[in-house]
Protein chains: 2
Amino acid sequence: MSKASNTRHTILEKAFDLIYKKGYQTTSIDEIIATTKVTKGAFYYHFKTKDDMGLAIINEIVKPTMHEEFILPLESTNDPLDNIYNITESLLLKNEYLTIEFGCPAGNLTQEMAPWNVEFSNALNEIILEWQSSIEESLQLAIEKGSIQTTVNPKQVALFVIAGYWGIRNYGKLAKNIDCYHTYLEELKRYLNQLK
Amino acid sequence: MSKASNTRHTILEKAFDLIYKKGYQTTSIDEIIATTKVTKGAFYYHFKTKDDMGLAIINEIVKPTMHEEFILPLESTNDPLDNIYNITESLLLKNEYLTIEFGCPAGNLTQEMAPWNVEFSNALNEIILEWQSSIEESLQLAIEKGSIQTTVNPKQVALFVIAGYWGIRNYGKLAKNIDCYHTYLEELKRYLNQLK
DNA sequence: ATCAAAACATACTAATTAGTATGTTCTAGC
DNA sequence: GCTAGAACATACTAATTAGTATGTTTTGAT
């Protein structure tokens with residue numbers, strides 16, 4: 001990686017971290033350049049505006065990360081329902097980048113920005129739709145294989161799972177204790193099993 | 001209501017509306033006093049700080065409203081599962097104060113403020129715990145009456161329902177279309193029926 | 001080695017922010 | 001009607017904000 005694109009990437013990563021913890025609007029450019037030790041000139045060389053940087057974070061940090069941690073594991077040969085449970089459990093209890101008090105980065109950005117920034121909204125929507133359709137597809141495959149009931153509606157289940165994940169992430173921000181994650185996972189397991 | 005307490009209440013209501021739509025941090029005092037046509041002197045006579053007003057909004061607007069719309073309907077004599085479904089449907093599709101693109105006021109505030117404001121966090125947590133425990137209690141009663149399975153774990157189901165609600169509210173902010181609410185409600189119905 | 005463009009550095013600006021200082025007016029009890 | 005405190009009004013401040021103007025340095029191709 002060239003020195004310049006390294007600077008750009010450093011900004012994106014540190015800014016992502018600040019935004020994940022503090023929110024987008026309340027993370028200032030001054031704060032970002034202070035923690036990255038990059039000057040304002042360098043920042044505005046790489047990004048036209050703050051929103052330009054925000055979009056780059058969604059597309060170049062959030063999107064690939066979610067692809068790796070949410071989508072790819074779904075494509076394993078295990079039972080789709082097991083996959084969904086294991087991915088959720090892993091995200092809630094084992095992921096090293098996410099902490100309970102700060103929630104889900106994509107969820108946070110959606111909550112904060114979706115009503116007021118069409119570009120953010122579209123970029124986030126793309127990511128979520130990708131997640132949703134890969135859950136759907138894996139469920140559809142399971143129906144065809146006969147491993148889950150034919151009355152299962154893949155679209156509904158996918159949405160239900162995603163909503164649950166975002167919701168428990170937000171709940172966790174209040175509870176600040178992983179007990180709620182365990183409780184949630186127990187019920188998720190029951191819910192998924194009942195689809196078999 | 002005296003003129004003074006009327007001023008105070010007007011501030012709280014209009015500020016709530018702005019904060020619901022724009023977020024807490026990005027709603028300025030200047031904006032609040034502009035839309036309420038109250039002067040800064042009046043504002044700071046009624047509220048020590050912005051956070052003081054924020055707390056008052058949670059305790060005096062959000063809390064009673066949620067009590068009325070989330071808790072009280074649970075106490076009707078219907079089947080608890082029907083109650084849960086009907087309340088959720090009513091909140092998602094029929095509530096006149098809530099709109100899909102702006103999500104859930106309590107969920108928004110949690111997302112934005114929980115990690116950084118202990119007082120907000122505590123106040124919001126109180127509200128959610130009240131909601132949660134009233135769902136729990138109504139499920140417990142149903143178990144005792146024999147109308148749902150004895151293997152149902154009320155704590156788990158309550159958390160699952162709340163997470164789902166907050167999650168679909170956040171999802172809706174991206175989707176900006178009530179189709180997702182209908183899809184979610186279908187699966188919620190299926191999930192709840194399976195507990196019988 | 002030269003040179004043009006890429007990459008970065010510094011010092012500024014104009015707007016907005018929460019909050020304050022210092023008033024004036026209204027209202028209720030006497 | 002008088003008066004004290006409640007209720008409100010106006011003009012300010014200091015800090016912070018995103019973004020810009022105007023530079024200097026670094027880099028890679030020739």
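Below, read A as the first sequence line, B as the second, and so on, with proteins coming before strands; counting in each chain starts at 1. Note that the structure is a prediction, hence the values are computed from the model and not measured.
Remark: B:Lys40 pairs with B:Asp30 by the salt bridge (Lys or Arg N to Asp or Glu O under 4.0 Å) rule, at least two apart or across chains. For A:Lys63, the salt bridge (Lys or Arg N to Asp or Glu O under 4.0 Å) partners two or more places apart in sequence, or in a different chain, are A:Glu126. Partners of B:Tyr181 under the ring-ring contact (aromatic ring centres under 6.0 Å, His included) rule, at least two apart in sequence or in another chain, do not exist in this structure. Applying the ring-ring contact (aromatic ring centres under 6.0 Å, His included) test to B:Tyr165 and every residue at least two apart in sequence or in another chain returns B:Phe70, B:Trp131. Every residue two or more places apart in sequence or in another chain was checked for a salt bridge (Lys or Arg N to Asp or Glu O under 4.0 Å) with B:Lys189, and none qualifies. Checked against salt bridge (Lys or Arg N to Asp or Glu O under 4.0 Å), A:Lys145 has no partners two or more places apart in sequence or in another chain.
Pairs engaging residues 104-124 of chain B under the ring-ring contact (aromatic ring centres under 6.0 Å, His included) rule: B:Tyr24-B:Phe120 [sequence neighbours left out].
Counting to the nearest Å, the C1' atom of C:dA18 and the CD atom of A:Gln25 are 17 Å from each other. Residue B:Asp52 contributes atom CG, which lies 13 Å from atom C1' of C:dG19 at whole-angstrom precision. Between A:Phe43 atom CZ and D:dA18 atom C1' the separation is 10 Å, expressed in whole Å. Across the protein-nucleic acid pair, B:Tyr45 atom OH and C:dT27 atom P stand 13 Å apart, rounded to whole Å. B:Arg8 has its CZ atom 16 Å from the C1' atom of D:dC8, to the nearest Å. Put simply, OH on B:Tyr44 is 14 Å from C1' on C:dA21, counting in whole angstrom units.
Taking the six-membered ring for Trp and thresholds of 30 and 60 degrees, B:Phe160 and A:Tyr191 have ring planes inclined between 30 and 60 degrees apart.
For B:Lys40 and C:dG19, a side-chain-to-base donor-acceptor distance below 3.5 Å is present, hydrogens and geometry of angles not being considered.
A:Arg8 and A:Glu60 are joined by a salt bridge, as a carboxylate oxygen and a charged side-chain nitrogen come within less than 4.0 angstrom of each other.
At a non-hydrogen distance threshold of 4.0 Å, B:Ser28, B:Ile29, B:Asp30 from residues 28-39 of chain B come into contact with DNA chain C. The stretch residues 12-24 of chain B has no heavy atom under 4.0 Å from DNA chain D, so no residue of it qualifies as close.
Listed pair B:Thr7 / D:dC8 meets the phosphate criterion, a side-chain N or O lying under 4.0 Å from OP1 or OP2. In this structure, A:His46 reaches the C:dC8 phosphate: one of its side-chain N or O atoms is under 4.0 Å from OP1 or OP2.
Within 4.0 Å of B:Thr26, counting heavy atoms only, lies no atom of the nucleic acid at all.
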